[in-house]
Amino acid sequence: MARRSPNFFLRKHRKWPLISSHKTKWRQAFTQNQPMVSFKQLVAQHNPLQPDFVPSLLQSLSLYNLYQSPQAYHFLIKTLLHNRQFHHIPSLLHHLQLQHFQTPEYIFTHLVKFYGNANRIQDAVDIFYRIPQFRCFPSAYSLNALLALLCRSQRGLKLLPQVLLNSLHMNIRLEESTFRLLVCTLCRMNKVAYAIEILQRMLDDGLGVNDKVFSFVLSSVCAEGDLDGEDVIGFWRGLRKLGFSPAMGDYDGVVRFLVKKGRGLDAWDVLNQMKSDGIKPGIISYTMVLNGVTAEGDYILADELFDELLMLGLVPNVYTYKAYIDALCKQNKVEEGIKMVACMEELGCKPNVLIYNTLLRAISKAGEISRARELVKEMKYKGIEMNWVSYTIIIDGLVSNGEILEACALVEEVLHKCIFIKSLTFDEVICGLCQRGLVCKALELLGKMVERSISPGARVWEALLLSSESRPKFHLVNPL
DNA sequence: CTAGGGTTAG
């Protein structure tokens with residue numbers, strides 16, 4: 001949806017009017033910098049370990065007549081911070097406090113951030129409260145710096161309410177950036193309801209909450225793995241009531257979350273909202289919902305959705321076909337699924353191994369071994385490599401249909417190709433061989449298995465012992 | 001007008 005005005009981007013990229021020539025600015029900076037440069041050189045000669053360190057720094061300030069220069073103080077503070085001379089800071093600040101110029105706020109934001117990184121939370125809070133004593137009006141800049149560090153630790157979070165309350169007394173106007181910080185912290189702490197409350201406050205205070213903030217909050221909520229589906233649906237409804245106009249990515253984010261949580265029908269609901277909001281869902285939206293409703297067993301709906309996406313002129317991709325074929329197979333419509341493969345090829349979409357595995361699974365379940373063989377041939381013909389899932393499905397199918405030698409041949413193929421399959425599949429084949437009295441073959445396979453450090457399960461030993469009892473010439477030693 | 005976004009099973 002084109003919610004942005006056409007000049008949105010123009011504004012962003014428009015060049016600033018060249019009112020002040022930066023030549024003048026540069027010259028000013030240069031003339032100011034002359035004493036600063038000498039001052040900095042002098043400071044570098046001071047030893048921070050001397051007891052008169054700070055007095056001598058102050059002396060150099062007066063030497064270069066830099067008492068009135070915030071930059072000089074900022075430099076001194078930075079020097080102390082970088083040398084981790086925290087104990088010298090209070091006396092320097094005391095001196096700064098006695099000056100008459102307005103102290104720029106960035107000195108305090110810097111201090112707050114540095115204290116935060118040194119894990120001196122209380123120092124950071126203290127200096128923040130003292131800002132007005134330096135003839136400086138704190139704004140959202142220093143507040144955000146402090147809040148950001150408070151939000152980082154459990155200890156900091158405890159101080160947060162008090163800081164917020166005091167910042168109101170300090171006449172700091174809370175801005176969108178501040179709220180965003182708080183809302184995101186709350187989301188991280190799974191306090192979704194509080195996050196909505198804050199968003200509500202923002203709107204009540206006449207702050208425009210832009211959709212980007214909503215969107216950001218929503219995506220952090222959806223990224224929260226252990227949140228309940230119910231919570232997210234509630235949150236989503238809450239946001240919409242607050243006037244959020246989601247973009248396609250927002251709908252898709254919620255859909256993805258709901259599908260992951262096994263709530264395909266709720267995801268379908270969101271898809272419908274999307275349509276009624278005038279946003280055309282993309283192929284990915286449909287594919288996710290298709291997977292979701294299939295997982296919930298609503299195959300009729302799955303059929304409808306597939307028709308619908310075609311009617312909308314969306315082009316299904318291999319993921320979409322996979323989802324649809326899955327739905328067909330779950331309804332035991334394997335032949336229709338196979339027809340779909342021809343269909344997709346006609347439309348220029350190549351089937352992959354996942355598509356064939358879906359079909360093979362359904363066919364094996366139905367016990368149609370010869371049909372499975374045909375599909376394997378088809379795969380080979382089309383150059384689609386079988387992976388471990390394909391082999392597992394086929395081997396299982398062969399074993400349960402009594403085609404034990406063919407299964408054994410496939411296991412050998414797997415070993416030859418160095419494809420990893422689960423040891424359970426080996427076990428099954430070895431047991432099958434034993435049951436048929438093919439103990440030699442079973443032992444041979446067991447040997448290959450052990451050779452590759454794949455450990456057989458207990459049932460393998462049982463089956464081998466059982467058959468060796470009837471043929472005592474085998475002397476079995478458990479190599480483990 | 002459309003692409004975009006970015007997914008898959010034992």
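Here the structure is a predicted model, which means the values were calculated and not measured. Chain A is the first sequence line, chain B the second, and so forth, proteins listed ahead of strands; every chain is numbered from 1.
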So what does Asp250(A) hit on the nucleic acid, given a heavy-atom distance under 4.0 Å: a base, only sugar-phosphate, or nothing?
-> nothing
Contact class for Gly249(A) (heavy atom, under 4.0 Å): base, sugar-phosphate, or nothing?
-> nothing
Length of the CG-C1' vector between Leu360(A) and dG10(B), whole Å = 14 Å
Tell me: CD1 of Ile279(A) to P of dG4(B), nearest whole Å?
-> 17 Å
Report all side-chain donor-acceptor pairs from residues 427-439 of chain A shorter than 3.5 Å, counting only partners two or more places apart or in another chain.
residue, atom, partner, partner atom, Å
Asp427(A), OD2, Gly457(A), N, 3.1

Could you check whether Asp326(A) gets within reach of a base, just the sugar-phosphate, or nothing at all, counting any heavy atom under 4.0 Å?
-> nothing
Determine, using ring centers only, whether Tyr286(A) and Trp268(A) are less than 6.0 Å apart.
-> no
Once you round it to whole Å, what is the distance between C1' of dA9(B) and CG of Leu328(A)?
-> 17 Å
Mind calculating the distance between NZ (Lys365(A)) and P (dG10(B)) to the nearest angstrom?
-> 11 Å
According to the interplanar angle, ranging from 0 to 90°, do the rings of His82(A) and Phe114(A) count as parallel (below 30°), tilted (30 to 60°) or perpendicular (above 60°)?
-> perpendicular
With respect to the side chain of Asp396(A), which nucleotide from dA9(B), dG6(B), dG10(B) is positioned closest?
-> dG10(B)
Rounded off to whole Å, could you give me the CG-to-C1' distance for the Leu314(A) and dT7(B) pair?
-> 15 Å
Would you mind classifying the nucleic acid contact of Leu424(A) as base, sugar-phosphate or nothing, using non-hydrogen atoms under 4.0 angstrom?
-> nothing
Answer yes or no: is there an ion pair linking Arg373(A) with Glu406(A), defined by an N-O contact shorter than 4.0 Å?
-> yes
In whole angstrom, give the distance that lies between atom CG of Asn352(A) and atom C1' of dT7(B).
-> 12 Å
Which nucleotide in the set dA9(B), dG6(B), dG10(B) lies at the smallest distance from any side-chain heavy atom of Arg361(A)?
-> dG10(B)
Integer-rounded Å distance: dA9(B) C1' and Asn387(A) CG | 9 Å
If you check every side-chain atom of Ile393(A), which of dA9(B), dG10(B), dT7(B) has the closest atom?
-> dG10(B)
Choose from dG6(B), dT7(B), dG10(B) the nucleotide whose nearest atom is closest to any side-chain atom of Thr392(A).
-> dG10(B)
Given atom CD of Glu428(A) and atom C1' of dG10(B), what is their separation to the nearest angstrom?
-> 12 Å
Within the structure shown, what part of the strands sits under 4.0 Å from Ser285(A) by heavy-atom distance: base, sugar-phosphate, or nothing?
-> base
Taking only residues two or more places apart in sequence or in another chain, which ones pass side-chain hydrogen bond (donor to acceptor under 3.5 Å, both in side chains) with Ser215(A)?
-> Asp250(A)
Given dA9(B), dG6(B), dG10(B), which nucleotide is nearest the side-chain atoms of Asn317(A)?
-> dG6(B)
